[in-house]
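Please read the structure below before turning to the comments.
Chain identifiers are assigned alphabetically (A, B, ...) following the order of the sequence lines, protein sequences preceding nucleic acid strands; residue numbering begins at 1 within each chain.
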Amino acid sequence: MIKITLPDKSVKEFDSDIDGIGLAKSISNSLAKSAVCIDVNGELKDLSYVIKEDSKCKIYTKQDQYALDTLRHSTAHVLAQAVLNLFPGTEYAVGPPIEDGFYYDFLFKENIKESDLSSIENEMRRINKANQLFIREEISISVAKNKFLKQQFKQELISTADPSEGVEGDNISIYKNDNFEDLCRGPHVSSTSQINHFKLTKLAGAYWRGIETNPQLQRIYGTAWFSKEELDNYLARQKEAEKRDHRKLGNELDLFVNTDELGPGQFLWKPKGSILRQNIEDYSKKAHADNGYEYAYTPHIGRSVLWETSGHLDYYKEGMYPPLKNEDNKDDEYYLKPMNCPFHILIYKSDIRSYKELPLRFFELGSVYRYEKTGVLHGLLRARGFTQDDAHIFCTNDQIEEEILNLLTFSIKLLNAFGFDSIEADLSTRPEKSIGNDDDWLKATNSLASALDNQNISYVTAHGEGAFYGPKIDLHVKDAIGRRWQLSTIQVDFSQPDNFDLQYVDSNNKRIRPVMIHRALLGSIERFTGILIENYAGHFPGWLAPVQVKILTIGEVSNYVKEILKSLKNVRLEIDDRSIRLGEKIHDSTKEKVPVSIIIGEKDVSLRTMALNIHDQDNQKDIKLEDGIKQIKNVIKVPKFKL
RNA sequence: GCCGAAGUAGCUCAGUGGUAGAGCAGCUCACUCGUAAUGAGCAGGCCGAGGGUUCAAUUCCCUCCUUCGGCUCCA
């Protein structure tokens with residue numbers, strides 16, 4: 001007698017052993033049909049898994065994420081099978097499910113091309129039609145090693161595998177279907193016939209085990225779903241995301257441009273983009289000025305000794321532009337700044353500081369230059385030249401926690417103002433390559449953690465992800481289509497004050513080392529603008545839009561337009577009085593994503609009315625002038641910044 | 001930096017071993033127009049750069065640059 005407890009606490013009893021599918025059938029035929037895998041006492045198993053003792057079970061159906069993962073994992077196997085059929089002698093590495101799909105990594109005898117994907121996909125369809133069963137086997141490690149004799153990656157996996165990877169004692173599990181077998185902990189769908197709705201999406205390079213010095217494999221990405229509808233939805237979603245691409249919209253909306261002559265990773269801001277950027281910068285500057293920060297301005301280059309002292313040349317030389325040299329004086333070398341902090345430190349050092357002055361907060365929209373690898377550049381989101389909303393806070397040890405607390409509030413309010421309401425935090429700890437002593441690191445990390453706790457912000461710890469000089473809190477936002485972006489970063493630093501021998505005089509007239517806090521809230525203005533573009537799909541809120549209002553005229557209404565202009569002083573406004581049809585004017589203002597279009601014709605003049613098209617709202621006709629103006633002012637209102 | 005893809009008019013793209021085409025945008029003219037592109041005409045290109053093969057290269061080959069999708073990286 002076996003008792004099986006289901007999630008609703010009900011108990012099913014069976015006279016003998018029962019497998020997953022049998023259990024599903026005993027509950028209902030429809031459940032058996034949509035069942036994909038089963039959780040037995042917290043472990044995911046195939047439906048063919050035989051339950052031999054009293055257990056807690058949950059059956060996963062096509063609606064569950066685990067079921068999707070299982071399908072995708074199985075599809076990855078079929079991909080590898082197809083590849084091995086078509087390209088004998090290929091070595092195969094790993095092929096897990098990932099968000100929205102799966103991949104498999106291969107070492108081909110000769111690299112394949114993207115055009116090979118269609119024949120691989122065809123072979124996968126053949127395997128799908130062949131209705132092959134996935135069969136689990138447990139074999140000993142030594143048998144496994146013999147089985148995968150010519151597979152160096154499998155050999156390595158066998159040697160290093162642990163229980164989470166299908167090892168139990170001396171045994172390791174494999175899955176077979178037809179001529180194909182692979183190391184795998186499972187579970188899988190029962191047959192290849194269930195793998196119907198998939199598509200190979202891209203071919204890319206990927207290092208074995210993600211380590212740059214390891215051989216580079218070719219990774220094939222794909223997506224798989226239980227229904228055609230879901231697959232089509234996914235593909236449509238991808239298209240939708242493409243439409244939001246800030247590089248595409250930046251071009252279409254005339255915001256910024258990059259040219260070959262300028263060099264990669266640098267951008268020119270066109271007038272419309274500059275207005276957008278200026279709005280963002282002005283808002284940030286004012287928020288800072290109103291909340292205890294003082295402006296600083298610093299140059300773009302500094303002597304190499306500065307970067308030696310700061311440690312940047314030791315820790316980050318690869319990421320810096322090569323030095324500017326002086327022919328007449330070889331020792332006079334300059335570097336473009338990759339960070340603003342050494343300059344702010346020099347400002348701090350330019351005076352003897354008293355404890356009464358602290359905390360000192362220097363704020364700057366500082367443009368920095370980092371020599372990013374060509375392959376990582378990505379429009380505004382990853383540029384070589386960019387501007388940080390950067391500040392450095394110099395304070396006493398006792399002030400750290402309160403500063404961090406205030407910073408968290410400040411940062412969250414600032415992100416809120418730009419329309420980001422969903423915010424999450426990461427706490428990054430000491431990386432391998434770093435400076436400073438363990439005590440200081442621990443102290444700094446703890447003060448960050450307790451600030452997060454105090455603010456009731458949930459966070460995950462990112463081990464070893466801190467900066468080389470200190471731990472950090474990163475704030476992430478979710479955008480309109482659910483993507484997560486890292487924006488704010490707050491970093492505690494005991495090392496730079498040491499490097500630069502910073503001091504303040506305390507109340508006992510003793511010289512004490514201050515602590516530094518580095519922080520950028522919007523991060524890079526370029527990147528932030530790019531994220532805003534994608535978040536709003538180019539439909540900026542009224543206060544940010546480069547053109548806030550467009551007046552579309554019909555016939556001769558110029559005097560009435562002048563009157564309207566008087567009520568809309570300081571509004572970024574354009575008038576379209578071309579002698580073309582109204583439809584075309586509307587088409588253009590829509591394409592330019594102007595938030596508000598006012599339409600006025602001759603009949604509006606005597607009635608003192610207008611028609612109003614406001615983005616995302618129904619068109620309005622015969623609106624009273626005053627009412628229209630009121631609505632417009634509401635749409636373009638700048639959000640208040642209040643702590 | 002590495003693997004794959006791509007670079008043709010301002011933009012989006014077609015095309016060919018015999019030095020190029022469309023739509024949109026631009027300019028000119030006509031139309032004077034009430035909710036998502038009026039019509040006609042004109043102008044616009046060293047086919048990313050350099051080298052090679054060829055009688056001939058935008059097309060084929062090589063190198064480089066840039067962009068795109070990933071990997072690694074992101075102080």
Side-chain angles (χ1 to χ4, degrees), chain A residues 103 105-108 111-117 201-221 242 245 247-248 251-252 254 257-265 307 310-312 314-320 338-339 341 368 370-379 381-384 386 388 428 431 433-435 465-470 472 486 489 491 493 495-496 518 520 523-524 527 552-557 577-591 597 599-604 610-613 618-622:
Chain A
Y103 67 77
D105 286 349
F106 303 97
L107 182 61
F108 290 90
N111 278 346
I112 60 160
K113 296 181 176 171
E114 215 164 88
S115 51
D116 293 315
L117 293 187
T201 49
K202 52 202 172 198
L203 176 65
Y207 301 103
W208 167 237
R209 297 208 145 156
I211 297 166
E212 205 175 353
T213 48
N214 280 349
Q216 188 166 46
L217 312 175
Q218 282 192 295
R219 174 173 296 177
I220 299 174
Y221 283 93
E242 258 171 52
D245 191 310
R247 294 164 297 192
K248 190 175 150 75
N251 191 27
E252 281 171 13
D254 234 4
V257 68
N258 161 263
T259 72
D260 272 14
E261 299 94 313
L262 194 59
W307 309 108
S310 70
H312 284 91
D314 268 354
Y315 284 83
Y316 207 69
K317 191 164 189 190
E318 294 297 297
M320 289 167 71
M339 290 183 87
C341 41
V368 297
R370 299 179 180 179
Y371 197 76
E372 305 281 8
K373 290 179 183 175
T374 52
V376 306
L377 298 174
H378 186 91
L381 301 186
R382 192 81 182 269
R384 281 185 173 168
F386 59 95
Q388 296 176 306
S428 299
K433 208 176 162 191
S434 54
I435 52 180
E465 299 292 319
F468 72 82
Y469 47 73
K472 59 177 183 175
Q486 189 210 305
T489 180
Q491 310 172 349
D493 181 0
S495 305
Q496 294 296 8
H518 306 241
S524 140
R527 182 164 178 277
L552 316 182
T553 66
I554 308 158
E556 171 46 47
V557 291
D577 55 4
R578 292 175 295 173
S579 44
I580 54 174
R581 283 166 176 70
L582 176 62
E584 189 167 351
K585 297 188 187 191
I586 289 171
H587 171 84
D588 287 349
S589 73
T590 308
K591 200 177 69 183
S597 297
I599 298 159
I600 47 172
E602 277 154 16
K603 77 169 194 197
D604 290 302
M610 62 171 66
L612 259 187
N613 290 2
D618 290 338
N619 294 345
Q620 306 175 57
K621 281 182 183 167
D622 305 324

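Using a 4.0 Å heavy-atom distance criterion, A/Glu372 is classed as making no nucleic acid contact. Backbone-only contact: A/Gln491 has heavy atoms under 4.0 Å from sugar-phosphate atoms and none from a base. Within the 4.0 angstrom heavy-atom criterion, only backbone atoms of the sugar-phosphate kind lie near A/Ala206; the bases stay farther away. A/Tyr207 comes within contact range of at least one nucleobase, with a heavy-atom separation under 4.0 Å. Heavy atoms of A/Ile112 sit under 4.0 angstrom from primed sugar atoms or phosphate atoms, though from no base atom. Counting any heavy atom pair closer than 4.0 Å across all strands shown, A/Asn619 reaches a base atom. Residue A/Lys591 is out of contact with every strand shown, counting any heavy-atom pair closer than 4.0 Å. Looking at heavy-atom distances under 4.0 Å, A/Gly210 makes contact with sugar-phosphate atoms alone, never a base. Using a 4.0 Å heavy-atom cutoff across all strands shown, A/Gly583 reaches sugar-phosphate atoms only and no base atom.
Among the nucleotides B/A36, B/G34, B/U38, the one closest to any side-chain atom of A/Thr590 is B/A36. When distances are taken from the side chain of A/Asp260 to each of B/U66, B/U35, B/C73, the shortest belongs to B/U66. In the set B/U66, B/C74, B/G70, B/C74 carries the atom at the smallest distance from any side-chain atom of A/Arg370. The nucleotide whose nearest atom lies closest to any side-chain atom of A/Pro264 is, among B/U66, B/C71, B/A37, B/U66. Listed nucleotides: B/A37, B/G1, B/A5. Nearest to the side chain of A/Val376: B/G1. For A/His587, whose side chain is taken as the heavy atoms from C-beta onward, the closest listed nucleotide among B/C71, B/G4, B/A37 is B/A37. Comparing atom distances between the A/Asn251 side chain and each of B/C71, B/C11, B/A37 picks out B/C11 as nearest. Side chain of A/Lys373, nearest nucleotide from B/U35, B/G1, B/G4: B/G1. Closest to the side chain of A/Asn111, out of B/C73, B/U35, B/C3, is B/C3. Here the nucleotide nearest the side chain of A/Leu203, chosen from B/C33, B/G4, B/C73, is B/G4.
Across all strands shown, B/U54 forms no Watson-Crick or G-U wobble pair with both distances under 3.5 Å. Across all strands shown, B/C27 forms a Watson-Crick or G-U wobble pair with B/G41, both key distances being under 3.5 Å. Base pairing of B/U63 is made with B/A49, judged by Watson-Crick or G-U wobble geometry with both donor-acceptor distances under 3.5 Å. Remark: B/U35 base-pairs with no nucleotide in the shown strands. Criterion, Watson-Crick or G-U wobble with two distances under 3.5 Å. Pairing for B/A22 goes to B/U12, judged as Watson-Crick or G-U wobble with the two contacts each under 3.5 Å. Nucleotide B/G69 forms a Watson-Crick or G-U wobble pair with B/C3, both donor-acceptor distances falling under 3.5 Å.
Going from atom CD of A/Glu212 over to atom C1' of B/C71 covers 9 Å, rounded to whole Å. To the nearest angstrom, C1' of B/U35 lies 12 Å from NZ of A/Lys585. In this structure, A/Asp577 places its CG atom 17 Å from P of B/U32, rounding to the nearest Å. Spacing between atom CG of A/Leu107 and atom P of B/G4 amounts to 12 Å, rounded to whole angstrom units. The interatomic distance linking A/Arg384 (CZ) with B/C65 (C1') rounds to 12 Å, in whole Å. The nearest whole Å value for the distance from the CG atom in A/Asp245 to the C1' atom in B/U67 is 12 Å. The distance from atom CD of A/Glu252 to atom P of B/A25 is 14 Å, rounded to the nearest whole Å. Atom P of nucleotide B/U28 and atom CD1 of A/Ile580 are separated by 14 Å, given to the nearest angstrom.
Rounded to the nearest Å, the gap between the C1' atom of B/A56 and that of B/G52 is 15 Å. Comparing the P positions of B/G17 and B/U59 gives an interatomic distance of 11 Å, to the nearest angstrom. Here, B/G23 and B/U19 have their P atoms 22 Å apart, quoted to the whole Å. For the C1' atom pair drawn from B/A43 and B/G21, the interatomic distance equals 15 Å after rounding to whole Å. Comparing the same atom, P, in B/G26 and in B/A57 gives a spacing of 38 Å after rounding to whole Å. When the P atom is used for both B/A9 and B/A14, the distance is 12 Å, rounded to whole Å. The gap from the C1' atom of B/A6 to that of B/C13 amounts to 13 Å, rounded to the nearest Å. Spacing of C1' atoms, B/A25 relative to B/G44, comes out at 11 Å, to the nearest Å.
OP1 and OP2 of B/C74 both lie 4.0 Å or more from every side-chain N or O belonging to A/His378. A/Tyr103 has no side-chain polar atom (N or O) that falls below the 4.0 Å cut-off from OP1 or OP2 of B/C71. An OP1 or OP2 oxygen of B/G69 is reached within less than 4.0 angstrom by a side-chain nitrogen or oxygen of A/Arg247. The phosphate of B/U66 has neither OP1 nor OP2 within less than 4.0 Å of any side-chain N or O from A/Asn258.
Put simply, the side chain of A/Lys585 gets close to the backbone of A/Thr553: a donor and an acceptor are under 3.5 Å apart. Side chain of A/Glu602 to backbone of A/Val557: no donor-acceptor contact under 3.5 angstrom is found. Between the side chain of A/Asp245 and the main chain of A/Glu242, no donor-acceptor pair closer than 3.5 Å is present. Not one N or O on the side chain of A/Glu372 forms a donor-acceptor pair closer than 3.5 Å with the backbone of A/Gly265. Side-chain atoms of A/Asn619 do not come within 3.5 Å of backbone N or O of A/Leu612 as any donor-acceptor pair. With hydrogens and angles disregarded, a donor-acceptor distance shorter than 3.5 Å links the side chain of A/Gln496 to the backbone of A/Ser310. Between the side chain of A/Arg219 and the backbone N or O of A/Ala204 there is no donor-acceptor pair closer than 3.5 Å.
Across the interface with RNA chain B, nearest-nucleotide mapping of A/Tyr469 and A/Thr374 shows A/Thr374 to be the residue nearer the 5′ end. When the nearest nucleotides of RNA chain B are assigned to A/Ser579 and A/Arg219 by heavy-atom distance, the more 5′-ward of the two goes with A/Ser579.
Checked by distance alone, A/Arg382 brings a side-chain donor or acceptor within 3.5 Å of a matching partner on the base of B/C73.
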Show your reasoning for whether side chain to side chain contact (heavy atoms under 4.5 Å, CB included) applies to A/Ile220 and A/Tyr103.
CA-CA 5 Å; A/Ile220 299 174; A/Tyr103 67 77; over 6 Å; no
Apply the test side chain to side chain contact (heavy atoms under 4.5 Å, CB included) to residues A/Tyr207 and A/Glu212: give CA-CA distance (whole Å), side-chain angles for both, the deciding distance (0.1 Å), then the verdict.
CA-CA 6 Å; A/Tyr207 301 103; A/Glu212 205 175 353; 3.9 Å; yes
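The number of heavy atoms from other shown groups lying within 6.0 Å of OH (A/Tyr315) is above 12.
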